[in-house]
Number of protein chains: 2
Amino acid sequence: MHAKEAADLLGISQRMLRHYENEGLMVVGRAANGYRHYTPADLRRAARIRDFIATGFSTREIRAMAACLSDDGAGPCSGGIDKLTQKLAHIDRLRADLDARRAAVVDRLGELRAALDKDALVD
Amino acid sequence: MHAKEAADLLGISQRMLRHYENEGLMVVGRAANGYRHYTPADLRRAARIRDFIATGFSTREIRAMAACLSDDGAGPCSGGIDKLTQKLAHIDRLRADLDARRAAVVDRLGELRAALDKDALVD
DNA sequence: CCAAACACCTACATACATGTCAGGGTTTGA
DNA sequence: TCAAACCCTGACATGTATGTAGGTGTTTGG
């Protein structure tokens with residue numbers, strides 16, 4: 001599949017897709033006319049890169065754990081496990097935090113609605 | 001507590017701690033001599049910011065959240081129920097996003113560990 | 001009282017994600 | 001065949017995280 005369709009599917013810009021290549025995170029085949037051709041495997045790899053970046057990894061870090069990117073990424077990805085585990089801790093802390101804050105917001109929303117209802121009665 | 005101790009506890013640099021302040025993510029009290037004084041609440045807030053940043057959120061995004069999520073956020077959030085409801089939707093999307101990301105990371109981690117175990121058997 | 005350790009601030013520097021524009025080729029449908 | 005829609009490369013631009021260095025005041029242990 002061509003660049004635009006791939007980018008649209010992944011929800012990122014063609015610019016970023018090219019960026020992944022420039023940074024050595026993936027290699028994409030070309031058609032005779034020089035156009036990039038994204039295979040399903042390419043899409044999965046790009047999606048992983050996208051998620052890694054969205055989760056705060058730099059291209060440098062991602063490159064260092066390239067083995068974690070391929071579908072069959074069994075290889076020496078052990079360094080990646082540590083980093084991923086660390087990242088999990090961050091995410092879990094955030095989740096707990098968001099839960100607590102969400103509860104607080106829900107509470108305040110309840111208060112405000114109660115106040116509005118009371119006002120409505122007075123009106 | 002002073003800057004160095006706080007930074008060491010949080011595992012970040014004093015530079016970043018100051019950065020959080022410059023970006024308007026937190027306000028830190030000062031002693032008479034001008035030295036910053038970090039309270040336990042400051043430390044918790046800083047830890048949250050640290051985690052948000054480590055997980056790929058920008059100070060801009062964090063700032064936008066802080067305005068409507070702080071305990072006393074009735075002020076800046078006086079826009080009322082609409083804004084809060086909007087924020088709530090935002091938070092819920094974030095939660096869903098973190099859930100998905102976490103699940104993906106857990107899956108990936110499982111695959112990698114399985115692969116390592118298999119390698120161990122062969123050894 | 002002095003030196004080491006810390007604090008403060010400003011500012012320059014680097015790395016990276018991303019956008020966008022320029023200039024130029026290719027595909028494709030009407 | 002012509003225009004719209006794509007593709008490509010390269011370069012410049014911006015926002016943000018983070019380090020580091022220079023210059024200077026403060027604390028504190030010996």
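Residue numbers start from 1 in every chain, and the chains themselves are labelled A, B, ... in the order their sequence lines are given, proteins ahead of strands.
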Self-check item: Listed partners of A:E5 passing salt bridge (charged side-chain N to carboxylate O under 4.0 Å, His left out), at least two apart
Solution: none

Exercise. Report the residues that fulfil side chain to side chain donor-acceptor pair (under 3.5 Å) with B:T39, sequence neighbours left out, ordered by chain and then residue number.
Key: B:D42

Exercise. Let me know the distance between CG of B:D8 and P of C:dA5, rounded to the nearest Å.
Key: 14 Å

Exercise. Starting from the 5' end of DNA chain C, give me the residue, B:H37 or A:N33, whose nearest nucleotide shows up first.
Key: B:H37

Quiz item: Is the shortest distance from a Lys or Arg side-chain nitrogen in A:R113 or A:D117 to a carboxylate oxygen in the other one below 4.0 Å?
Solution: no

Quiz prompt | Interatomic distance where CG belongs to B:L17 and C1' belongs to C:dC9 [whole Å] | solution = 15 Å

Quiz item: How would you list, by chain and number, every residue that makes a salt bridge (charged side-chain N to carboxylate O under 4.0 Å, His left out) with A:R15, sequence neighbours excluded?
Solution: none

Quiz prompt | For A:E61, all residues meeting salt bridge (charged side-chain N to carboxylate O under 4.0 Å, His left out), sequence neighbours excluded | solution = none

Practice problem: Kindly write out the residues that satisfy side chain to side chain contact (heavy atoms under 4.5 Å, CB included) with B:A47, not counting sequence neighbours, or none if the list is empty. | Solution: B:L10, B:R50

Quiz item: What pairs with A:E21 under side chain to side chain donor-acceptor pair (under 3.5 Å), at least two apart in sequence or on another chain?
Solution: A:R36

Practice problem: Mind checking A:R30 for me? I need base, sugar-phosphate or nothing, with any heavy atom below 4.0 Å counting as a touch. | Solution: sugar-phosphate

Practice problem: Using a 4.0 Å cut-off on protein heavy atoms (strictly under), produce a 5'-to-3' string for nucleotides 1-7 of chain D with B for base contact, S for backbone-only sugar-phosphate contact, and - for none. | Solution: -----BS

Quiz prompt | Selection residues 24-46 of chain B - residue pairs positive for ring-ring contact (aromatic ring centres under 6.0 Å, His included), sequence neighbours left out | solution = B:H2-B:Y35

Quiz item: CZ of A:F57 to CD1 of A:I49: how many Å apart, nearest 0.5 Å?
Solution: 13.0 Å

Quiz item: When you check every protein heavy atom under 4.0 Å of nucleotides 11-23 of chain D, what one-letter string (B, S, -) results, 5' to 3'?
Solution: B----SSBBB---

Between the protein and nucleotides 28-30 of chain C, which nitrogen or oxygen pairs are less than 3.5 angstrom apart?
none

Quiz item: Listed by chain and number, what are the side chain to side chain donor-acceptor pair (under 3.5 Å) partners of B:R44, not counting sequence neighbours?
Solution: none

